[in-house]
Number of protein chains: 2
Amino acid sequence: MAEQQADEIQTPADRFARAREAQSMAILEDYVEMVGDLIEELGEARVADIAARMGVAQPTATKAIARLKREGLATSRPYRGVFLTEEGAALADKVRARHRTVVELLVAVGVPEEVAELDAEGIEHHVSEQSLQAFERFLKAR
Amino acid sequence: MAEQQADEIQTPADRFARAREAQSMAILEDYVEMVGDLIEELGEARVADIAARMGVAQPTATKAIARLKREGLATSRPYRGVFLTEEGAALADKVRARHRTVVELLVAVGVPEEVAELDAEGIEHHVSEQSLQAFERFLKAR
DNA sequence: CAAATGAAATAGCCTTGGCTATATTTTCCA
DNA sequence: TGGAAAATATAGCCAAGGCTATTTCATTTG
């Protein structure tokens, strides 16, 4: 149990496939996090608010929510607010924590706060569990 | 000239819009870099090789190349190889350099080499010029 | 309590980036 | 040199994530 790295070689194709995979999760993660934020702040997540905060038109948000429901991350009834399932809430927490860590890491290596916040929005979805742990160790060890 | 940060506040919507923007450049960047790599390694970039390395079907690569041509980054004639325009070559260089820097930064904060290579593939497209410069300063100052 | 207002859903369109199956063109060799 | 094999292009499909315009439903409120 000394070596934890699998010894499979990673072809470029593998790496790109992995990045594409991460990308398909990214929007899901963003919406779940946003729903979580709104419930916490306002007590409920309305489609109109989700759309406004995500910077998209209302039907785009409705469609995204449909996908969240399909994936078992959220529930909602027509003309009612959106709620997270247990799984959705867990994902929202994970995403929020990861976002914070990524911002902190960027700031720690010298990226200005505002820029860190901007870049983190895209970066976070591609940070693996292993990298995240490295980030945390680095931040603690500073 | 003391403050260099614009004082516009960044709403979440702004940040998401920016991340979406970066995403639409990402695939373009990947293909341009791949074409550059193949030309360097093999003297030419054939559609079949591009597809294999990107891990996509051949028609997918053909379509991506069509987009590169539309955007003025590459040229090609039917049943012939793909070439980069001056602009395309410049972009390829920039992307390659940025990729290296991101991997080095990840390794510098404690991410294992192989993981760094994997994660960098997705992260790099969201690293702004400002963050990149911060990364370089950090690496030099170590 | 009925009508106006406002929110959410639906219809229908676009682009991108995947795919498979099928032409078409080049290339290479017997 | 002609025909098989290999490479590329084309056709046509799908899902995702945008959009606008319109309909439907819920909630006031006069």
Side-chain angles (χ1 to χ4, degrees), chain A residues 12-35 38-39 42-83 121-122 125, chain B residues 12-35 38 42-71 73-83 121-122 125:
Chain A
D14 292 333
R15 295 202 307 275
F16 289 117
R18 197 159 167 285
R20 284 193 294 268
E21 172 85 9
Q23 194 50 41
S24 94
M25 275 297 299
I27 288 200
L28 227 48
E29 293 177 346
D30 285 337
Y31 276 95
V32 162
E33 186 183 3
M34 185 59 74
V35 172
L38 286 169
I39 289 175
L42 310 179
E44 64 175 353
R46 309 303 305 250
V47 171
D49 294 333
I50 296 168
R53 291 249 188 132
M54 294 297 298
V56 299
Q58 168 258 308
T60 301
T62 299
K63 214 195 268 187
I65 291 159
R67 193 176 160 213
L68 292 191
K69 289 164 72 173
R70 236 185 306 137
E71 308 262 354
L73 297 169
T75 59
S76 81
R77 299 198 329 282
Y79 296 96
R80 287 274 128 67
V82 181
F83 307 91
E121 200 59 67
H125 304 289
Chain B
D14 291 335
R15 295 202 307 274
F16 289 118
R18 196 159 169 286
R20 284 193 294 267
E21 172 85 10
Q23 195 48 42
S24 92
M25 275 298 300
I27 287 200
L28 226 49
E29 292 177 347
D30 285 338
Y31 276 94
V32 162
E33 185 183 4
M34 186 57 76
V35 171
L38 286 169
L42 310 178
E44 62 174 354
R46 309 303 306 249
V47 171
D49 294 333
I50 296 168
R53 292 251 188 131
M54 294 298 298
V56 298
Q58 167 259 307
T60 301
T62 299
K63 214 194 267 187
I65 291 159
R67 192 176 161 210
L68 292 190
K69 289 164 72 173
R70 237 186 305 137
E71 308 261 354
L73 297 169
T75 59
S76 81
R77 300 198 329 282
Y79 295 96
R80 288 272 128 66
V82 181
F83 307 91
E121 200 58 69
H125 304 289

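Throughout, protein chains are lettered first and strands after them, A, B, ... in sequence-line order, and every chain is numbered starting at 1.
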Just to verify, what does [X] make a side chain to side chain contact (heavy atoms under 4.5 Å, CB included) with, not counting sequence neighbours?
X	result
I27(B)	Y31(B)
A13(B)	T11(B)
E71(A)	L28(A), R67(A), L73(A)
A26(A)	Q23(A), H125(A)

Between the protein and nucleotides 14-17 of chain D, which nitrogen or oxygen pairs are less than 3.5 angstrom apart?
from	atom 1	to	atom 2	distance (Å)
dA16(D)	OP1	R70(A)	NH1	3.3
dG17(D)	OP1	R67(A)	NH1	3.0
dG17(D)	OP2	R67(A)	NH1	2.6
dG17(D)	N7	K63(A)	NZ	3.2

Spacing of T60(B) atom OG1 and I65(B) atom CD1 [to the nearest 0.5 Å] | 10.5 Å
Sequence neighbours excluded - salt bridge (Lys or Arg N to Asp or Glu O under 4.0 Å) pairs with any residue from residues 42-52 of chain A | E44(A)-R46(A)
Sequence neighbours excluded - salt bridge (Lys or Arg N to Asp or Glu O under 4.0 Å) pairs with any residue from residues 16-30 of chain A | R18(A)-D119(B), E29(A)-R98(A)
Could you list the residues that satisfy salt bridge (Lys or Arg N to Asp or Glu O under 4.0 Å) with R53(A), not counting sequence neighbours?
-> E41(A)
Those residues at least two apart in sequence (or on a different chain) that pass side-chain hydrogen bond (donor to acceptor under 3.5 Å, both in side chains) with K63(B) are none
Extract, from 5' to 3' on DNA chain C, the first and final nucleotides lying under 4.0 angstrom from some heavy atom of chain B.
-> dT16(C) to dT27(C)
Between the protein and nucleotides 5-10 of chain D, are there any N/O to N/O pairs under 3.5 Å, and if so, what are the atom names and distances?
from	atom 1	to	atom 2	distance (Å)
dT8(D)	OP1	R46(B)	NE	2.7
dT8(D)	OP1	R46(B)	NH2	2.8
dT8(D)	OP2	A48(B)	N	2.9
dT8(D)	O3'	Y79(B)	N	3.2
dT8(D)	O2	Y79(B)	OH	3.1
dA9(D)	OP1	Y79(B)	N	3.4
dA9(D)	N7	Q58(B)	NE2	2.8
dA9(D)	N6	Q58(B)	OE1	3.4

Looking only at heavy atoms, which two atoms of V82(B) and S76(B) are closest? And how far apart?
-> CA-CB, 4.1 Å
